[in-house]
Amino acid sequence: MAGSKSDARKDERSKRAWELAGRQHGVVSRKDLLGIGFSPKAIEHRIKLGRLHPVTRGVYAVGWPRMTRERRWVAATLACAPEAALSHHSAAEFWGIGTELPGQVDVSVRRRCEHRRPGIRARSRPSLPTDEVVFRNGIPVTSPAQTLLDLATEISLLRLERAVNDADKHGLIDPEELRASLGARTGEPGVRALRGLFDRHTFRLSDSDLEVLFRPLAADAGLPMPLTKATVNGFEVDFFWPELGLVVETDGLRYHRTPSAQARDRLRDQTHTAAGLTHLRFTHYQVKYEGAFVRKILRKTARTLR
């Protein structure tokens, strides 16, 4: 009878271990196993039998040793537990808005810590807000908004812009809501860079200021005087050169464009192209602050059209 009770306990421990491993992509920690009821001796026995495969100190792959991307991520967070989550480049790859650095899993820990593990870059971040860590697919990870803030401290503005665009495209963030929330996070790393990026894409000139700034750029590029606010193919356009078949339009609000507004923009562009016109778009920010780039594009386009 005693033997059957012991066997039943072993079966229950094994069942709980497999269930836990199933929720954690086949990875468990020594602390997990001890909490289930395994003794240190039982853990060592299973390592010798090849049922547990050490990944890093105190973390094991269950059943088979091959490490998938998800297994690496779970192993890294377990190695730095408690209160550890994927962050920075690893979180960016998780959300599909960036690429993880080769051979390195980025982890943030919401407490004081000094973890030193090969292949893991652990950051001690006691001030990381609780609600900025979420669980997705069994993996703790910083929220998309927090991930973008973290990336803003480590990548170029161009790459940050791509990450924001991808997050918007995947429905992970509402750019206008994120931009508005930055006011309450003044002083945090990454806020300044991210706010600057949003300001570039929400910057808007008045119609008169736009015309005053754009005309000299077009003239410097060797273009004649354009028609402004002309109706072309049934649409009002910002600038039009009928002799060149060139239409230039400007966007003042790149973000927070409704689906219907985006559909209208595509229809305009497609209609002009189908009519044999060349169509260019610039942001108001480019007209105001990146004149050299605007001139270069206008000059090359004019040369091609002539």
Side-chain angles (χ1 to χ4, degrees), residues 85-101 104 106 108 121 123 125 127-129 131-134 136 141-207 209-210 213-214 217 238 248-259 261-262 265-266 269 280-298:
L86 288 186
S87 65
H88 295 77
H89 300 277
S90 296
E93 179 155 324
F94 178 95
W95 293 116
I97 60 176
T99 305
E100 188 173 48
L101 298 178
Q104 175 179 298
D106 288 321
S108 287
R121 183 182 179 187
R123 298 167 171 84
R125 302 176 69 185
S127 61
L128 179 65
D131 58 1
E132 293 297 349
V133 174
V134 299
R136 291 292 185 276
V141 58
T142 52
S143 69
Q146 184 64 54
T147 301
L148 288 170
L149 279 171
D150 293 340
L151 288 177
T153 67
E154 298 197 358
I155 63 177
S156 68
L157 191 60
L158 178 59
R159 290 176 61 197
L160 180 62
E161 181 179 4
R162 289 173 182 163
V164 171
N165 287 338
D166 286 341
D168 185 19
K169 180 175 64 178
H170 298 330
L172 299 173
I173 62 164
D174 180 314
E176 284 299 302
E177 287 184 5
L178 177 55
R179 182 174 183 269
S181 73
L182 296 178
R185 308 183 72 160
T186 301
E188 287 187 34
V191 167
R192 184 175 181 180
L194 199 55
R195 181 184 288 125
L197 175 63
F198 282 125
D199 287 346
R200 286 183 60 189
H201 292 289
T202 56
F203 177 81
R204 187 169 183 85
L205 294 164
S206 68
D207 287 344
D209 286 341
L210 174 63
L213 291 169
F214 186 81
L217 296 177
D238 293 320
V248 170
E249 300 203 70
T250 60
D251 294 319
L253 293 172
R254 176 168 180 174
Y255 294 125
H256 199 55
R257 299 284 287 171
T258 64
Q262 294 177 38
D265 285 346
R266 284 195 294 271
D269 296 350
L280 295 175
R281 274 188 187 274
F282 299 106
T283 66
H284 286 211
Y285 187 96
Q286 286 176 316
V287 173
K288 171 89 173 164
Y289 296 108
E290 298 176 355
F293 173 78
V294 174
R295 280 194 300 270
K296 181 177 74 172
I297 297 300
L298 289 173

A.B. asks: Which value, rounded to the nearest 0.5 Å, describes the distance between T250 atom OG1 and D238 atom CG?
C.D. replies: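 Taking OG1 in T250 and CG in D238, the distance rounds to 4.0 Å.
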A.B. asks: Taking H284 for its side chain and L205 for its backbone only, find out whether a donor-acceptor pair lies under 3.5 Å.
C.D. replies: yes
A.B. asks: Going from CH2 on W95 to CG on L86, what distance comes out if it is rounded to the nearest 0.5 angstrom?
C.D. replies: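 So the gap between those two atoms works out to 10.0 Å.
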A.B. asks: Between Q146 and P129, which heavy-atom pair has the shortest distance, and what is it?
C.D. replies: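 In terms of heavy atoms, the two residues are closest at OE1-CD, 4.4 Å.
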A.B. asks: Sequence neighbours left out, what passes salt bridge (Lys or Arg N to Asp or Glu O under 4.0 Å) with R195? Give chain and number order.
C.D. replies: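 With sequence neighbours excluded, R195 shows a salt bridge (Lys or Arg N to Asp or Glu O under 4.0 Å) to no residue whatsoever.
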A.B. asks: Please list, chain by chain and in numerical order, all residues satisfying side-chain hydrogen bond (donor to acceptor under 3.5 Å, both in side chains) with E188, sequence neighbours excluded.
C.D. replies: R185
A.B. asks: If you round to the nearest 0.5 Å, how far is CG of L128 from OG of S87?
C.D. replies: 8.0 Å
A.B. asks: Within this structure, what is the CZ-CG distance for the pair R162 and N165, rounded to the nearest 0.5 Å?
C.D. replies: 10.0 Å
A.B. asks: Of all heavy-atom pairs between A85 and V133, which one has the smallest distance, and what is that distance?
C.D. replies: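 Closest approach of A85 to V133: CB-CG1, 3.7 Å.
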A.B. asks: Would you say the side chain of L298 lies within less than 4.5 Å of the side chain of F282, judging by non-hydrogen atoms?
C.D. replies: yes
A.B. asks: Would you please say whether a donor-acceptor pair under 3.5 Å links the side chains of E132 and S143?
C.D. replies: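 Yes, a side-chain donor-acceptor pair sits under 3.5 Å.
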A.B. asks: Under 4.5 Å between any side-chain heavy atoms of H89 and L151, yes or no?
C.D. replies: yes
A.B. asks: Any ion pair linking R266 and D269 (charged N to carboxylate O, less than 4.0 Å)?
C.D. replies: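 Result for this pair is no, no salt bridge flagged.
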A.B. asks: Which heavy-atom pair separates I173 from A145 by the least distance, and what is that distance?
C.D. replies: CG2-N, 4.3 Å
A.B. asks: Which heavy atom in V191 sits nearest to a heavy atom in T186, and how many Å separate them?
C.D. replies: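 The pair with the smallest heavy-atom distance is CG1-CA, 4.5 Å.
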A.B. asks: Listed by chain and number, what are the side-chain hydrogen bond (donor to acceptor under 3.5 Å, both in side chains) partners of S206, not counting sequence neighbours?
C.D. replies: S208, D209
A.B. asks: Donor-acceptor pairs under 3.5 angstrom involving side-chain atoms of residues 286-294: please list them, not counting sequence neighbours.
C.D. replies:
{"from": "Q286", "atom 1": "OE1", "to": "T283", "atom 2": "N", "distance (Å)": "2.9"}
{"from": "E290", "atom 1": "OE2", "to": "R200", "atom 2": "NH2", "distance (Å)": "3.0"}

A.B. asks: Looking only at non-hydrogen atoms, find the nearest pair between T153 and G190 and report the distance.
C.D. replies: CG2-N, 3.5 Å
A.B. asks: Apply side chain to side chain contact (heavy atoms under 4.5 Å, CB included) to the pair L149 and L182, showing each step before the final yes or no.
C.D. replies: CA-CA 10 Å; L149 279 171; L182 296 178; 4.0 Å; yes
A.B. asks: Can you name the side-chain hydrogen bond (donor to acceptor under 3.5 Å, both in side chains) partners of R123, sequence neighbours left out?
C.D. replies: H88, D106, E154
A.B. asks: Taking salt bridge (Lys or Arg N to Asp or Glu O under 4.0 Å) as the test, write out the residues that go with D199, two or more places apart.
C.D. replies: R179
A.B. asks: Which is it for V164 and L178 under the side chain to side chain contact (heavy atoms under 4.5 Å, CB included) test, yes or no, and what are the steps along the way?
C.D. replies: CA-CA 10 Å; V164 171; L178 177 55; 5.8 Å; no
A.B. asks: Which pair of heavy atoms, one from A91 and one from T147, lies closest together, and at what distance?
C.D. replies: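 Smallest heavy-atom distance, with atoms named: CB-OG1, 3.5 Å.
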A.B. asks: In Å and rounded to the nearest 0.5 Å, what is the CD to CG distance from E161 to L194?
C.D. replies: 11.5 Å
A.B. asks: Take D265 and R281 through the side chain to side chain contact (heavy atoms under 4.5 Å, CB included) test and state the conclusion after the steps.
C.D. replies: CA-CA 10 Å; D265 285 346; R281 274 188 187 274; 3.7 Å; yes
A.B. asks: Quick one: CG on D168 to CD1 on I97, what's the gap to the nearest 0.5 Å?
C.D. replies: 11.5 Å
